[in-house]
Protein chains: 2
Amino acid sequence: MPATLRDVAARADVSVRTVSNVVSGYTHVSERMRQRVLAAIDELDYRPNPAARTLRTGRTGMLALIVPEIDVPYFSALARDVITAAAELDYRVMIDQTGHDHERERELLTGDDRTMLFDGILFSPLVTQAELLEMDSTTRIPLVLLGEHQFDGRFDHVAIDNVQAAHDAVAHLLARGHTRIAAIGAQPLEPYATPQQRTAGYEQALREAGLEVDPDYARAAAHYSRADGYTAATELLRLDPRPDAIFCFSDLLAMGAMRAVFDAGLSVPDDVAIIGIDDIEEGRYSRPSLSSVSLDTAFISEQAVARIAARIDDPDVEPEQIVAPHTLHVRESSGG
Amino acid sequence: MPATLRDVAARADVSVRTVSNVVSGYTHVSERMRQRVLAAIDELDYRPNPAARTLRTGRTGMLALIVPEIDVPYFSALARDVITAAAELDYRVMIDQTGHDHERERELLTGDDRTMLFDGILFSPLVTQAELLEMDSTTRIPLVLLGEHQFDGRFDHVAIDNVQAAHDAVAHLLARGHTRIAAIGAQPLEPYATPQQRTAGYEQALREAGLEVDPDYARAAAHYSRADGYTAATELLRLDPRPDAIFCFSDLLAMGAMRAVFDAGLSVPDDVAIIGIDDIEEGRYSRPSLSSVSLDTAFISEQAVARIAARIDDPDVEPEQIVAPHTLHVRESSGG
DNA sequence: TTGTATGCGTTATCAT
DNA sequence: ATGATAACGCATACAA
C-alpha cells in the first residue's frame, strides 16, 4: 500500500498542504518544515500518485505520437527524437500506429478511444485534408501535424517543403545527365498531400529541363515499403525505353528498387541511378550507398514538441507552419 | 468543458449509478434506461475521464515498453508487435528508451520517475542480473523481462535460447566448410547475459567441431550498431590469418560488417561469409541478402503481453520462463 | 434494478 | 508561512 500525502503529513506532523507545497517545489515553505517533510517522504518512500494529480490538474504529462507504422525506419527515428525532445520538457510519449487504417486514425483523433489521457497529439497522418477538416470539429485536444503541408492555417504543422525536396532530388539526377527519370511513390488514386507534392516537384523539375512527363514512369506505392519498391521497380525495368534513373519517394522504396535492379541483372548506378528521401541509416551502409534527401528528424521533433507544449499552455495560440530544412546527400547510388 | 457522469445523469433523468453501469457495460440495466442513457451520452458527447477512473480503480490500462533504442530495427519491430498485442487486451503502450544508460534504466524501474502511471512494464534490459536483483526490492510494479534469460525464477522472462541460437548459426558456418569463424558482439568487459550466452554458444559449436577458440576472433561491440559492426569487421580483416566467416550477434552489426568487407575489396560470401541474429527485413533486401537467426517478435510480444496481463490481474502468479522459438534462415551472405 | 453517498490522492481556495 | 477543506470525475458499498 503506497504512502499518500496524508501519511507523509501525519508522519511529519504538518498539514497536507505543506507536504504538497514541498513536493511541488512551492517556494513559500520554511527550511525547517521542508527538511521535516523531506525526511518523512524518504522514510515512507512516498511518490505522488499521477492519476490523482491528473484528475486535479487536468494534465497528464503525456503526449501521443501517432504514426502509420513504428517499424518504418523513418518513423522509428522520428519516435526516437520525439521521445528525447519530449523528455526535455518533462513529457512522456505514447506511441500508436494506425497501420494505414483510416478508421483507426479517425478513432484515435476523435478520442472515441481514450484520447483524453494525453495533453496533446503529434500526428503523422495519412488522411487527406478533407478528412482532417471533418475531424477537427469533434476533437479539441491540442494537435500538431507532422509531414503534411497544406498550409491551410488551421493546424500547427511541421514538415519539409516536399515540392522543393522532390525537385532537388530530380534536379540532381538531371544534372548527372539522366533523361528517363521514373518515380516510385506517386499515389494517383488517393489525394494524400505528401505524394502529390512530391509528384509536383518531380514533374516541375522535368519540365524545367525541357523533358516530357511520361505517365508510365510514375508508379504508385501503397505503403512506401521495400516490397512496394521492389515491385514497382521490376515493372519499370520492363518498360521500353527503360528508365535510366528512379526517384523513390522514400528510402525504403529505394532499398527495394535497388534490389530489383540487381535481380534484373543490372547495375546501380551504371544502368539505373537511384535516389530516395528520408536519409535513413540503412542507406549509408547499403551497397551501393543510397543517395537521399535528409529530413532532420531531430529538428522536426524539437519543433513539434515545442509547438504542442505551447498549445497545451495556451490553446488559442496562433497555429504555425514550420518548414524543416532538407539536405541532398549524394552517394554511390546516383554516381556520387 | 467536457460532460461528466453527472451531466449525463441529469440529462437522462437517472442516477449516476445507472449511467456508470451503462458505460461500464454492466448487465443489470433495463433496456429502456439504457436507451435513455445512451441518447444522453450521445447528445452531450460524453466520454469517461480516464484519470478519474484510474484514481478509483487503480488501473491505467497502460503498459510501458522500455528498450535501449527504439530506432534499432529489432526493437521497433518488437514495439510494433507489442503495441498490436497490447491493443488486443485493451492496453496501450508507452515507449521509453534508456539509451544504454544504466542510470536511466534504474530510474525507470524504481519509479523515481512516474512509473506508477503504468499497470506493468515490459523491459528489455541491458542491466546485469545483479543490478536487477537490487532493483527488485524497490519496485513492486508487474514486470516482464524480454531478451534476458538467466532462469533465476524471480521474474517473468520471454526470450529465445541464446546459447542454442548462436550455436545454430555457427554450426551452419561450420557445415559450409568454414574454419576460421570470428564473432562480433561479445562484450567481455561487462557481464550482460545476452552476449555471454551467445558467446557460449559460439565457443561450444567451435569446440564440438574440434576447432580452437581464438580470442583475437571475438570482438566487442558496445551498441550492436552498424558502425560497431563496421569497425570490428575492419579490424578482423587485418588479422593473419583472416577469418573466412563472421558471426555477428545482431543483424545491424552484420550490415556494418558486410559493408566493411566490400570496402576492403573483398566479397561476401566468397571471401568472408556473414551471418547475423534478428532477421530484420533490411537483411532480406540487402546485397547479398543476409543469413540470420529469426526471433519471432510476434510470438515474443504476445507471450510478454499475456504474462504481464496475468500478473496485473494477480500479482502473485508464479513467474514463468518462456522460451521463444528461433529459426535459421540461410541466405546469400553465407552462400545459401 | 436503481438511487445515495463516500472516498480514491491531489491541488487550490480560503482562512489564519 | 501554514492549516482546514472543498472539489476533480468516477466506481461501488449500501440502501431501497
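Since the structure is predicted, the reported quantities are computational estimates derived from the model, not experimental observations. No hydrogens, no waters, no symmetry mates; every other heavy atom, side chains included, goes into these values. Every chain is numbered from 1, with letters handed out A, B, ... down the list of sequences.
Looking at which nucleotide of DNA chain D each of Val16(A) and Met33(A) is closest to, the 5′-most match is held by Met33(A). Residue-to-nucleotide proximity on DNA chain C shows that, of Thr18(B) and Leu5(A), the 5′-proximal contact is made by Thr18(B).
Which of dT11(C), dC10(D), dA12(C) sits closest to the side chain of Arg17(A) comes down to dA12(C). The side chain of Leu55(B) sits closest to dG9(C) out of dT13(C), dG9(C), dT11(C). Here dT2(C) is the nucleotide among dT2(C), dT5(D), dC10(D) with the atom lying nearest to any side-chain atom of Ser30(B). Of the candidates dC10(D), dT2(C), dT11(C), the closest approach to any side-chain atom of Ser20(A) belongs to dT11(C).
A straight line from CZ of Arg59(A) to C1' of dT11(C) spans 14 Å, rounded to a whole angstrom. Atom CZ in Arg32(B) sits about 12 Å away from atom C1' in dT1(C), given to the nearest Å. Across the protein-nucleic acid pair, Asp13(B) atom CG and dT1(C) atom P stand 20 Å apart, rounded to whole Å. Distance Asp7(B) CG to dC8(D) P: 10 Å, rounded to the nearest Å. Leu117(B) places its CG atom 15 Å from the C1' atom of dC8(C), with the value rounded to the nearest Å. Distance Ile41(A) CD1 to dT10(C) C1': 13 Å, rounded to the nearest Å.
The base of dT10(C) does not come close enough to the side chain of Arg6(A) for any donor and acceptor atom to sit less than 3.5 Å apart. Below the 3.5 angstrom threshold, one finds no donor paired with an acceptor across the side chain of Arg53(B) and the base of dA11(D). Applying the 3.5 Å distance criterion, the base of dT10(C) shares no donor-acceptor pair with the side chain of Arg56(A).
Taking 4.0 angstrom as the limit, Ser15(A) places none of its side-chain polar atoms (N or O) nearer than this to OP1 or OP2 of dT2(D).
Between Leu78(B) and Ser301(B) the shortest side-chain heavy-atom distance falls below 4.5 Å. Residues Asp156(B) and Leu145(B) fail the side-chain proximity criterion, which asks for heavy atoms closer than 4.5 Å.
The side chain to side chain contact (heavy atoms under 4.5 Å, CB included) test with Ser124(B) singles out one residue from Val158(B), Thr194(B), Leu146(B), Thr98(B), and that residue is Leu146(B). Of the candidates Asp313(A), Ile312(A), Thr54(A), Ile312(A) is the only one forming a side chain to side chain contact (heavy atoms under 4.5 Å, CB included) with Asp119(A).
With 3.5 Å as the limit, one finds a donor-acceptor pair spanning the side chains of Arg17(B) and Asn21(B).
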